Q: 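Shown below is the structure under consideration.
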Amino acid sequence: MEFKDIATVSGKPGLYKILKPSRSGVILESLDDKKGKMVVGAAQRVSLLSEISIYTLTEEGATSLKEVLIKIEKEFEGDTGLEGADKDEYQAFMKHILPEFDADRVYASDVKKLISWYHILRKECPEVLEEKPEGDEAKDDESEKDKT
């Protein structure tokens with residue numbers, strides 16, 4: 001599984017694996033123990049994890065969610081120590097992981113959601129948190145093309 005295969009639905013907690021498109025939207029399966037399926041229509045906002053980024057004060061203005069999650073995995077290996085944390089602890093965590101993040105635009109609730117997603121990914125599909133050398137991604141893309 002890859003970041004482009006995982007989505008979040010506005011107004012719903014957790015993460016979802018994209019199964020396939022349907023006539024009225026997209027079929028998703030929750031990435032939890034229940035593995036519940038649902039059809040999400042055009043009225044609901046679905047965001048792919050590969051398209052989400054975090055605001056920064058850098059020239060680019062943002063860093064991809066994938067990069068941030070891989071940094072968290074590399075540094076903490078599953079133990080973030082943020083259970084029951086307060087707003088200041090979440091901001092300090094973010095400053096540690098991504099020193100150039102925009103504190104005015106990234107709220108504690110965003111960091112809490114980021115940590116929640118990290119734990120879901122680590123439990124359900126840890127392979128997406130592994131850092132791949134730059135050349136490997138190109139090889140993966142080519143092998144996917146060969147399959148079609």
Side-chain angles (χ1 to χ4, degrees), residues 1-21 25-38 40 42-145:
M1 193 179 311
E2 297 179 34
F3 274 86
K4 64 181 173 131
D5 303 323
I6 304 168
T8 178
V9 179
S10 181
K12 300 224 180 261
L15 295 174
Y16 299 86
K17 176 182 176 183
I18 299 173
L19 296 179
K20 62 183 177 178
V26 128
I27 300 172
L28 303 175
E29 178 181 69
S30 65
L31 286 178
D32 60 14
D33 296 334
K34 296 175 188 166
K35 300 288 183 205
K37 292 184 175 93
M38 70 176 174
V40 178
Q44 289 180 293
R45 186 172 170 182
V46 176
S47 301
L48 301 177
L49 289 193
S50 61
E51 297 175 354
I52 298 174
S53 56
I54 296 176
Y55 292 116
T56 63
L57 300 172
T58 62
E59 197 172 298
E60 295 84 29
T63 298
S64 75
L65 180 66
K66 180 179 182 176
E67 287 179 39
V68 175
L69 288 168
I70 288 173
K71 277 185 184 179
I72 293 171
E73 174 62 16
K74 198 186 294 186
E75 179 126 357
F76 292 94
E77 296 179 358
D79 185 19
T80 57
L82 290 174
E83 290 73 27
D86 65 8
K87 176 184 172 186
D88 294 332
E89 290 174 308
Y90 284 122
Q91 294 289 22
F93 174 82
M94 211 48 214
K95 189 103 177 133
H96 176 77
I97 289 298
L98 192 64
E100 63 275 7
F101 90 104
D102 188 344
D104 293 334
R105 296 168 76 185
V106 179
Y107 303 107
S109 60
D110 299 326
V111 180
K112 187 175 181 177
K113 189 183 300 183
L114 170 75
I115 300 301
S116 168
W117 290 352
Y118 166 71
H119 288 296
I120 292 169
L121 289 172
R122 190 158 205 287
K123 180 180 178 189
E124 299 298 329
C125 43
E127 69 277 4
V128 299
L129 297 173
E130 294 172 7
E131 190 171 25
K132 295 180 183 176
E134 293 295 320
D136 284 0
E137 288 180 17
K139 288 178 190 173
D140 288 346
D141 290 343
E142 287 176 19
S143 65
E144 287 296 319
K145 290 177 187 173

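In this text, all values refer to a predicted model and were calculated from it rather than measured experimentally. Excluded from the calculations below are hydrogen atoms, water molecules and symmetry mates; all remaining heavy atoms, backbone and side chain alike, are included.
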Q: Over all heavy atoms of both residues, which pair between Ser50 and Lys4 is shortest? Give the atoms and the distance, please.
A: OG-CA, 3.6 Å
Q: Please name the pair of heavy atoms, one in Cys125 and one in Leu31, separated by the smallest distance, quoted to 0.1 Å.
A: SG-CD1, 4.3 Å
Q: Compare every heavy atom of Pro99 with every heavy atom of His96, then report the nearest pair and how far apart it is.
A: O-CD, 4.2 Å
Q: Decide yes or no for Val26 and Leu19: does some side-chain heavy atom of the first lie under 4.5 Å from some side-chain heavy atom of the second?
A: no
Q: Which value, rounded to the nearest 0.5 Å, describes the distance between Leu121 atom CG and Glu73 atom CD?
A: 10.0 Å
Q: Among Ile52, Val46, Leu65, which one satisfies side-chain contact (heavy atoms from CB on, under 4.5 Å) with Thr8?
A: Ile52
Q: If you look at every heavy atom in Val106 and Tyr55, which pair is closest and at what distance?
A: CG2-O, 3.8 Å
Q: Keeping Glu75 on the side-chain end and Ile72 on the backbone end, is there a donor-acceptor pair under 3.5 Å?
A: no
Q: Do Leu28 and Ile18 have side-chain heavy atoms sitting under 4.5 Å apart?
A: yes
Q: To the nearest 0.5 angstrom, please state how far the NZ atom of Lys66 sits from the CD1 atom of Ile54.
A: 14.5 Å
Q: Closest heavy-atom contact between Lys71 and Leu98?
A: NZ-CD1, 3.8 Å
Q: Would you call the rings of Phe76 and Phe93 parallel, tilted or perpendicular, where under 30° means parallel and over 60° means perpendicular?
A: tilted
Q: Less than 4.5 Å apart, any side-chain heavy atom of Leu57 and any of Phe101?
A: no
Q: Heavy-atom count around Lys35 NZ within 6.0 Å, excluding the residue itself: above 12?
A: yes
Q: Between the main-chain N or O of Ala62 and the side-chain N or O of Thr56, is there a donor-acceptor pair closer than 3.5 Å?
A: yes
Q: Would you sort out whether Met38 and Glu29 count as a side chain to side chain contact (heavy atoms under 4.5 Å, CB included), showing the intermediate values?
A: CA-CA 7 Å; Met38 70 176 174; Glu29 178 181 69; over 6 Å; no
Q: Assess the residue pair Asp5 and Val128 against the criterion (side chain to side chain contact (heavy atoms under 4.5 Å, CB included)); give the C-alpha distance rounded to whole Å, side-chain angles, the decisive distance to 0.1 Å, and a yes or no.
A: CA-CA 10 Å; Asp5 303 323; Val128 299; over 6 Å; no
